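Read the structure below first, then the notes.
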Protein chains: 2
Amino acid sequence: MHASTVSLTTPPFNPPTGLHARSFARHRAVSFYEAETEIYAQGERGGAVYRIEYGAVRLYRLLADGRRQVVAFYIAGETFGFEARPMRSFFAESIAPTGLTTIDTEGVDCCPSDLMSLALASMVRAQEHLSVVGRQSALEKLAVFLVDLHDRHRGDGRIALPMTRIDIGDYLGMTIETVSRSFSKLRAMGIIRLESTRSVEVLNLKRLRLMGE
Amino acid sequence: MHASTVSLTTPPFNPPTGLHARSFARHRAVSFYEAETEIYAQGERGGAVYRIEYGAVRLYRLLADGRRQVVAFYIAGETFGFEARPMRSFFAESIAPTGLTTIDTEGVDCCPSDLMSLALASMVRAQEHLSVVGRQSALEKLAVFLVDLHDRHRGDGRIALPMTRIDIGDYLGMTIETVSRSFSKLRAMGIIRLESTRSVEVLNLKRLRLMGE
DNA sequence: CGCCCCATTGAGACGTTTCAATGGATGTGG
DNA sequence: CCACATCCATTGAAACGTCTCAATGGGGCG
């Protein structure tokens with residue numbers, strides 16, 4: 001799978017409104033990545049972070065036995081790509097058609113505090129992800145996952161799921177069958193409604209939160 | 001459990017040699033924490049990070065059902081306490097008698113790159129921890145844990161385990177019984193030798209690494 | 001329209017958790 | 001200094017939940 005990215009100043013379809021690269025520059029070129037496209041690869045040289053204007057991205061690493069650990073999902077408005085080493089520790093791929101703006105971090109030895117904040121936000125996200133993956137049953141994991149997406153999405157009760165069940169499984173540390181069964185169980189409990197496999201409506205957010213812990 | 005810390009310039013017993021706060025200041029007061037002492041609590045205001053001169057620290061959070069997720073262990077020479085929010089997201093406690101130097105990060109809106117590096121190192125550590133906890137069997141998890149400690153400890157084949165089996169279990173997402181059984185299994189395989197419950201000798205590092213993946 | 005991948009559901013195998021008992025190490029008080 | 005209490009660690013047996021293997025269904029794209 002190779003990156004075949006096209007750099008555009010305007011996306012080829014309607015991007016969500018109200019999302020502009022207002023953090024670091026007034027106007028900035030938006031790179032377009034079609035779905036399932038590599039943004040950077042493990043082992044590559046770093047030196048930049050990315051802000052998602054629209055779409056979604058997964059960060060993952062490959063284990064020696066071929067398994068895949070999805071470390072994080074990022075959606076519109078979020079920034080990813082912070083790495084400690086000069087080399088990338090993870091792969092980054094677009095999940096859906098995605099527009100990115102690039103923020104160069106090359107050679108900054110004194111970084112602005114808002115960049116530091118974004119990096120730290122990524123760290124806390126990772127540490128909280130730990131609390132979810134490490135313990136709890138499959139049902140609880142999925143509940144936390146959905147609540148997290150709900151809060152980040154800040155929409156009504158409708159959650160878009162750009163990622164596949166495989167992605168979710170690799171993120172939560174369980175098989176796709178268990179993911180699927182857990183969705184069905186939440187539905188049977190009247191907590192969610194599956195509008196489609198890629199869209200969930202939360203019927204009872206309170207109970208969903210309670211399941212998380 | 002309340003912090004009863006004593007600020008000293010010299011620790012009350014022999015600290016490991018060769019460990020001085022050389023990163024940010026030439027001489028700095030070393031605060032002493034006896035074993036099992038709170039360094040900071042979830043919900044507290046942040047504003048500082050800590051460098052471990054000797055001893056060990058655990059970072060954890062409490063879940064609503066009373067379970068505990070240990071997010072990280074830190075040992076001598078390492079720095080912890082990076083947080084994205086003004087409030088602490090985790091508890092930090094000394095595991096063994098520990099000496100810390102404090103690095104104030106209050107009100108820095110332009111942080112030095114080496115501080116940024118330390119923060120990013122914490123993030124990568126957390127993300128790699130994910131790969132371990134999320135998947136793999138109990139035996140593999142413990143193998144990765146021991147290899148990690150081995151590499152950080154940079155000693156010979158002897159690994160000090162300042163933490164209890166409970167800590168390890170809460171860190172790897174498994175019960176203490178499974179932790180214990182996994183230790184026994186590694187020993188039966190001739191890969192490790194348990195000098196005591198708190199000290200492990202690695203007999204076959206290569207095989208131990210292979211188990212991790 | 002048909003193929004292919006993704007998602008769902010079922011049944012059995014496997015591994016971890018739970019419950020329980022024992023042993024060992026440590027620290028305290030008689 | 002020994003007895004005892006307490007906490008931690010180990011080990012066993014059964015219960016539970018997830019994984020594996022398998023079959024079916026559904027949606028998207030060529």
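All values below were derived from every heavy atom in this structure, side-chain atoms included, with hydrogens, water molecules and symmetry-related copies excluded. All values derive from a computational prediction rather than experimental measurement.
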For this session: Report yes or no: is the cationic atom of A/Arg165 (NZ for Lys, CZ for Arg) closer than 6.0 Å to the six-membered ring centre of A/Phe183, at no more than 45° off its axis?
Result: yes

For this session: In whole angstrom, give the distance that lies between atom CD of A/Glu177 and atom P of D/dC21.
Result: 10 Å

Exercise. Can A/Arg88 be said to sit on top of A/Tyr40's aromatic six-ring, NZ or CZ under 6.0 Å from centre and within 45° of the ring axis?
Worked result: yes

For this session: Send over the distance from B/Lys141 NZ to C/dG15 P, rounded to a whole Å.
Result: 14 Å

Exercise. Picking from D/dT11, C/dA7, C/dT17, which would you name as closest to the side chain of B/Ser180?
Worked result: D/dT11

Problem set entry | Between P of C/dT8 and NZ of A/Lys185, the distance in whole Å | 14 Å

Exercise. With no hydrogens and no angle check, do the side chains of B/Glu93 and B/Thr37 hold a donor and an acceptor under 3.5 Å apart?
Worked result: no

Problem set entry | For B/Leu146 against B/Ile159, the heavy-atom pair lying closest together | O-CD1, 3.4 Å

Exercise. Any idea which of D/dT10, D/dC19, C/dT8 is nearest the A/Thr175 side chain?
Worked result: D/dC19

For this session: Indicate, with a heavy-atom threshold strictly under 4.0 Å, whether B/Gly169 touches base, sugar-phosphate, or nothing.
Result: nothing

For this session: Grab the CZ-C1' distance between B/Arg198 and C/dT26 for me, whole Å please.
Result: 11 Å

Exercise. Atom CD of B/Gln136 and atom C1' of D/dC19: how far apart are they, to the nearest Å?
Worked result: 15 Å

Exercise. Taking atom types as modelled and ignoring hydrogens, do the side chains of B/Thr175 and B/Thr178 form a donor-acceptor contact shorter than 3.5 angstrom?
Worked result: yes

Exercise. Roughly how many Å is it from CE in B/Met174 to P in C/dC14, rounded to a whole number?
Worked result: 21 Å

Exercise. Once you round it to whole Å, what is the distance between P of D/dA9 and CG of B/Leu142?
Worked result: 13 Å

Exercise. Separation of B/Asp170 atom CG from C/dT17 atom C1', in whole Å?
Worked result: 14 Å

Problem set entry | Side-chain donor/acceptor contact of B/Arg181 with base of C/dG15 under 3.5 Å | no

Exercise. OP1 or OP2 of C/dT9 less than 4.0 angstrom from a side-chain nitrogen or oxygen of A/Arg165, does that happen here?
Worked result: no

For this session: Could you pick out which residue, A/Thr178 or B/Ile166, lies toward the 5' side of DNA chain D when each is mapped onto its nearest nucleotide?
Result: B/Ile166

For this session: Counting heavy atoms from C-beta on, name the nucleotide in C/dT8, D/dT11, D/dC19 closest to the side chain of B/Ser184.
Result: D/dT11

